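Structure record follows, encoded as structure tokens.
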Amino acid sequence: MNLHIPTMFVMILIASSIMAVSLGVIAFRRRPDLRNWSVSLLLQVVAYALFSLRGQISDLWSIVAGNACITASVALYTAGLCRFHQRRYPWWVMVVPVAICIVGFWIWIDDYRARIVIASILWAIQGLHLLALLARFRHKTEGRGQYILGAAVAVFVGTQIYRLFSVFVGIDSSVQFTDATPQVVVTYFSSLIGTLLLSVGALTMIQERYEHALRDSEARYRKLIDSATQGICVLQHNLFQFVNPRTLDLLGYSETELVQHPYLSLVHPDDQAQVESNHALRLGGRADGLTYAVRMQTRHRGWRWIEISGVLFDWHGQPATLNFLNDITERRHAEDQIRELAYHDTLTHLPNRRLLMEHLKLARASYRRSGKHGAVVFIDLDNFKPLNDQHGHAAGDLLLIEVAQRLLQHIRGTDTAARFGGDEFVVLLTQLSDQPLVARQQATQLAEKLLSVLAEPYLLATEQAGTTQTVEHHCTGTAGVVIFNGEGEPDDVLLDRADAAMYQAKQAGRNCVRISEEAA
């Protein structure tokens with residue numbers, strides 16, 4: 001075989017250097033597990049560099065140090081495997097082979113065949129030890145990397161056994177390492193192949209470990225997301241990109257019906273602008289802590305109030321929002337009920353005094369902008385107590401409910417009808433003329449119209465002794481009116497004046513209207 005051995009040295013040097021640098025860059029930046037293997041390849045580069053300088057430097061360096069580097073390289077590779085599996089590697093397992101190599105080669109520095117025997121036995125033992133470790137760790141390592149690494153070590157061990165066999169049976173005719181005998185060529189070829197396989201095996205094992213860790217991480221997070229008690233979804237490009245099982249439960253749709261479909265299609269038309277705006281804020285990183293509620297269409301329960309919070313994050317290399325969904329419909333209903341109790345009369349569902357005072361304050365503030373007057377109409381029923389005495393409080397409640405309905409049906413959309421308690425009602429008139437006299441006339445006409453409506457007969461279906469009876473009742477109302485603008489007396493004083501005007505109307509014969517003559 002007429003192969004040029006120095007050329008093979010150069011090939012091994014180049015291959016080892018490239019692999020060492022590649023592993024080193026990856027190791028020192030991101031993968032500490034590769035550092036031992038990178039240093040191991042660098043030692044091979046040093047070893048073959050020393051071999052190639054044979055005759056130009058001392059034999060102690062070229063032969064002893066060069067082969068010691070090879071021995072240390074194998075030991076470091078073994079240490080790297082242990083580190084990969086988070087196992088301690090005894091220092092003496094590394095030091096002893098190197099020491100044996102140095103002593104043996106120093107003693108037999110002039111005996112080429114003795115050096116071959118020492119190196120082959122020593123390296124075969126190291127290789128077998130590495131194979132044993134690979135076999136020991138095979139159940140803890142998944143993927144093909146360990147088998148590539150095992151193949152490299154097997155080639156290495158097989159080469160050493162072949163060299164020993166060649167020496168002992170006398171078929172190796174080489175007298176120095178530069179002789180192009182089959183045994184020398186096989187040795188260098190196996191070294192080149194082993195270097196490549198070792199590097200590929202190491203990189204493959206690291207990559208497979210990373211992928212395995214990534215799959216485990218994804219599986220853990222997926223389990224957490226799947227078992228979450230709140231809906232979780234990813235929105236990107238105005239589409240659902242991911243939904244967890246809880247989201248499917250909340251909305252009542254299947255995964256295929258949601259993923260890659262526009263999320264706005266489920267949002268109430270009145271809430272879509274808010275959702276679009278808040279989604280844009282999240283994508284811009286300007287929505288930290290933003291939580292809001294919108295109505296979303298569910299398949300099985302109609303419109304539901306869904307509370308949405310979320311964060312900006314990366315989804316397949318592009319910005320998206322990770323959103324958390326909670327159904328707060330029952331909570332909203334409870335809040336509405338609390339608000340109803342706080343601001344509305346429980347019997348008639350008209351606004352109560354508190355809500356009326358807020359509307360009055362807004363009406364007076366509106367005067368400062370528009371110049372429009374308003375009026376407070378205080379109404380008291382004239383024939384309410386006899387109905388309670390004769391037919392009971394249930395009939396009285398029915399009358400109050402009917403009065404409330406008539407007021408609501410005959411006031412303007414800008415006005416407010418409220419119940420103050422008992423048989424007293426207040427109607428707040430707004431947007432009257434900016435001329436005081438005209439506003440006074442408008443308020444009087446509206447109040448008289450309301451009294452006319454209230455004076456019509458009432459047919460009340462009451463239950464007595466287990467039977468339903470219809471009671472016809474005649475009831476009128478008396479009203480006191482006060483005109484107001486945005487200035488002057490406090491709001492509660494206006495109500496007192498309207499009440500006083502109502503009592504004046506009572507004294508004047510009832511079922512009539514009186515306007516407070518004091519200045520508004």
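These values consider heavy atoms only, across backbone and side chains, with no hydrogens, waters or symmetry-generated copies. None of the values given here were measured: they were computed from a predicted structure.
- Smallest separation of non-hydrogen atoms from Ala320 and Val234: CB-CG1, 4.0 Å.
- Contact check for Trp315 versus Leu322: no side-chain heavy atoms found under the 4.5 Å cut-off.
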With a cut-off of 3.5 Å and sequence neighbours excluded, list every side-chain donor-acceptor pair involving residues 351-358.
{"unit_1": "Asn352", "atom_1": "OD1", "unit_2": "Arg354", "atom_2": "N", "d": "3.2"}
{"unit_1": "Asn352", "atom_1": "OD1", "unit_2": "Leu355", "atom_2": "N", "d": "3.2"}
{"unit_1": "Asn352", "atom_1": "ND2", "unit_2": "Ala342", "atom_2": "O", "d": "2.9"}

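- The backbone N or O of Tyr162 sits less than 3.5 Å from a side-chain atom of Ser166, completing a donor-acceptor pair.
- For the pair Thr321 (side chain) and Asn323 (backbone), a donor-acceptor distance under 3.5 Å is absent.
- Although no hydrogens or angles enter the test, the distance criterion places no donor-acceptor pair under 3.5 Å between the side chain of Glu307 and the main chain of Asn326.
- A side-chain donor-acceptor contact under 3.5 Å links Glu257 to the backbone of Ser254.
- A donor-acceptor contact under 3.5 angstrom links the side chains of Thr247 and Asn244, judged on distance only.
- With rounding to the nearest 0.5 Å, the separation of OG1 in Thr291 from CZ in Phe324 is 10.5 Å.
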*Check the pair Gln241, His316 against side-chain hydrogen bond (donor to acceptor under 3.5 Å, both in side chains), reporting the backbone distance first and the verdict last.*
CA-CA 10 Å; Gln241 300 293 342; His316 297 305; over 6 Å; no
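- Within 6.0 Å of CZ on Arg301 lie more than 12 heavy atoms contributed by other residues, nucleotides or ligands.
- In this structure, His237 contributes its side chain and Leu239 its backbone to no donor-acceptor pair below 3.5 Å.
- At most 12 heavy atoms of other shown residues, nucleotides or ligands fall within 6.0 angstrom of atom CH2 in Trp61.
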*How far apart are the C-alpha atoms of Thr71 and Ile102, what are their side-chain angles, what is the distance that settles it, and do they pass the side chain to side chain contact (heavy atoms under 4.5 Å, CB included) test?*
CA-CA 9 Å; Thr71 307; Ile102 292 173; over 6 Å; no
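- Between Leu134 and Gly150, the closest heavy-atom pair is CD1-CA, 3.6 Å.
- Here the closest non-hydrogen pair linking Arg138 and Gln146 is CA-OE1, 3.2 Å.
- Residues that satisfy the side-chain contact (heavy atoms from CB on, under 4.5 Å) test with Arg412, not counting sequence neighbours, are Thr414, Asp415, Leu429, Leu432, Leu446.
- Between Glu335 and Trp305 the shortest side-chain heavy-atom distance does not fall below 4.5 Å.
- Ser62 places a side-chain N or O within 3.5 Å of a backbone atom of Leu50 that can act as its donor or acceptor partner.
- Between Val74 and Phe156 there is a side-chain heavy-atom pair separated by less than 4.5 Å.
- The main-chain N or O of Val259 is found under 3.5 Å from a side-chain atom of His261 such that the two form a donor-acceptor pair.
- Note that NE2 of His344 and CZ of Arg419 are 14.0 Å apart. Values are rounded to the nearest 0.5 Å.
- Between Pro490 and Arg364, the closest heavy-atom pair is C-NH1, 3.7 Å.
- Minimum heavy-atom separation, Arg295 to Asp270: NH2-CB, 3.5 Å.
- Side-chain atoms of Leu250 and Arg246, non-hydrogen and from C-beta on, do get closer than 4.5 Å to each other.
- Across all their heavy atoms, Leu258 and Phe240 have their closest contact at O-CB, 3.2 Å.
- Two rings, from His279 and Tyr263, have their centers less than 6.0 Å apart.
- The number of heavy atoms from other shown groups lying within 6.0 Å of CZ (Phe165) does not exceed 12.
- When side chains are defined from C-beta on, Leu149 counts as touching Tyr77, because their heavy atoms get closer than 4.5 Å.
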